[in-house]
Amino acid sequence: MNIEELKKGNPVIEDIAACREVFWNNPDCACKGCACGGSGQVEQPAGQADQPSGQADQKLVDIDEAEARLIRFAPFIEKVYPEVLDGIIESDLTEIPDMKEALAADTGGVLDPVRIQGRLFLKCDSHLPISGSVKARGGIYEVLKFAEKVAMDNGMLSEEDDYSILAEPRFRELFGRYSVAVGSTGNLGLSIGIMSAKLGFQVTVHMSADARQWKKDMLRSKGVIVKEYPDDYEAAVAQGRREAEADPNCHFVDDENSLDLFAGYSVAGKRLKQQLEARGVTIDEEHRLYVYLPCGVGGAPGGVTYGIKEYFGDKAYCYFAEPTHAPCMMLGLASGLHNRISVKDIGIDGITEADGLAVGRASALVADAMQTRLCGCFTVNDSRLYPILAMLEDTEDLFIEPSACAGFEGLKHICGGEADCPAPDENSVHIVWATGGNMVPENERESYYIKGCKALEAAE
Ligand SMILES: *Cc1c(COP(=O)(O)O)cnc(C)c1O
């Protein structure tokens, strides 16, 4: 790959390679009203043979089918996790006016002050039940789907049954003959590990070097086999895939290519629509929706964006946040090379304190699906994450993990007029997607918070 050539035809690659904070408008975004003209026409850079197929109208997954499956499982979830209301794994949408105000303040350059036009909400996937991160959507969905298939193939379950029977010992015994494996930076491992172990599957989580120690400890305490790699996420996934292939009774959850994960995430779009309606928040031509989602390999924000675009269409504008040291989706989309380029190819180390986002190569499936659906991407310095974390704790009494703070940085770009998509106004609705936090142990929370406070104080 000729990187110099790539940079020449695409100046943003130069900024990405220098690990600068970058805001990038996706020229292929198919929203009506975007400066790109809404053509959604995808121009491939010279020398790229294969055409992306991710046109905005192409159906990738069936959201209704996925939701129906989650509803079938609700009696089981309710039985084994009584704290999950009605057995439906969903999070609150919380308006955060005090945070909105705090974000406008001068922090001496620690954060750039931003005057937000419209209302600001936090989508609290940080507090999703069972595994405390956005991965509870896709990860748990995929494990449940696998369990359903195994039970049905063995003639022990039909769609009409009350799925709470799955908690009976005969099912644990059945599932104990099967295994589940996954490669993860941490949170996907938690979701897959916790739910698989609960059902009775043997489960192995291949953890990358970025994964925090407490996540490994927690999984081991639940009987999950945790294998650690000195290498990055890509290596952990590759090893997991290899080991799983050798075992016909092993289901490998493929974070880079799974349509089941994607489907589980996408249900969020439908639920968000219901949630906004229930609160009387209108989304239409005059009340536009802006959504900011932290991105690692792309599955979670990609699936959520897919769902949002299915239910809100051109009235919703979605943007991905990535660390300056691991901007795989921005690089993949801006270069047109999707998963055929890694941040390492342009000299970036992929090392970031945003452990959930420490991914060097984007998912091909997601990059393809985002080509015309995503409005843009931006990168965030690690130094921004802790002050945001502390500010949110101080103003709204909400804790989210560092990775989950990245979305907030999108507000300054969009409200600062950098977007090609229509600018927000006083009628707009902004949703920052908080992707994780509830499982973080108290001592870790405290140290993140103190770090954020110190950064803010030092600037005063
Ligand atoms: C995994 C994760 C993301 C991003 O999800 P991907 O599917 O890897 O893009 C964002 N935030 C947190 C906290 C995560 O754990």
Side-chain angles (χ1 to χ4, degrees), residues 91 122-128 131-142 182-194 205 207-208 210-212 214-215 232-234 236-237 253-266 268 291-307 318-323 326-330 332-333 339 350 352-367 369-370 374 377 380 385 388-389 399-410 432-440 444 448:
S91 72
L122 193 72
K123 181 60 178 153
C124 297
D125 278 8
S126 45
H127 293 68
L128 274 173
S131 65
S133 82
V134 66
K135 305 298 192 320
R137 296 186 183 278
I140 291 177
Y141 174 75
E142 179 153 349
V182 65
S184 170
T185 60
N187 284 337
L188 184 64
L190 282 182
S191 289
I192 300 289
I194 291 171
V205 176
M207 287 281 203
S208 61
D210 318 277
R212 307 271 159 131
W214 65 265
K215 293 184 182 176
D232 66 1
Y233 160 87
E234 240 185 293
V237 172
V253 177
D254 190 338
D255 198 14
E256 291 170 331
N257 301 298
S258 169
L259 277 171
D260 288 341
L261 279 178
F262 197 81
Y265 292 127
S266 70
V291 187
Y292 309 92
L293 302 127
C295 175
V297 73
V304 171
T305 295
Y306 177 84
C318 297
Y319 292 88
F320 286 181
E322 295 181 290
C328 65
M329 190 62 73
M330 186 192 279
L333 289 175
N339 70 324
T352 167
E353 289 173 60
D355 51 337
L357 316 181
V359 178
R361 188 187 298 277
S363 153
L365 161 75
V366 176
M370 292 302 105
L374 191 66
C377 301
V380 179
L385 304 174
I388 292 169
L389 185 152
F399 172 83
I400 64 177
E401 64 186 89
S403 298
C405 296
F408 276 100
E409 282 289 289
V432 174
W433 214 276
T435 43
N438 212 26
M439 302 293 271
V440 179
E444 301 269 338
Y448 297 158

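Keep in mind the model is a prediction, meaning the values are calculated, not measured. Numbering starts at 1 and runs along the sequence shown. Each ligand, and each atom within it, is numbered from 1 in the order the structure gives.
Distance check: E142 CD to D260 CG gives 4.5 Å after rounding to the nearest 0.5 Å. Interatomic distance, CG of L374 versus CG of L293, reported as 8.5 Å (0.5 Å rounding).
Checked by atom type and distance alone, the side chain of S191 pairs as donor or acceptor with a backbone atom of A136 at under 3.5 Å. In this structure, E353 contributes its side chain and P402 its backbone to no donor-acceptor pair below 3.5 Å.
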| said: Please evaluate residues K215 and E401 with respect to the criterion salt bridge (charged side-chain N to carboxylate O under 4.0 Å, His left out), reporting the C-alpha separation (whole Å), side-chain torsions for both, the decisive distance (0.1 Å), and the verdict. | reply: CA-CA 13 Å; K215 293 184 182 176; E401 64 186 89; 3.5 Å; yes
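D125 and S91 share a side-chain donor-acceptor pair at under 3.5 Å.
Protein residues with a heavy atom closer than 4.0 Å to ligand 1 are K135, N187, P294, C295, G296, V297, G298, G299, A300, P301, G356, L357, E401, S403, T435, G436, listed by chain and number.
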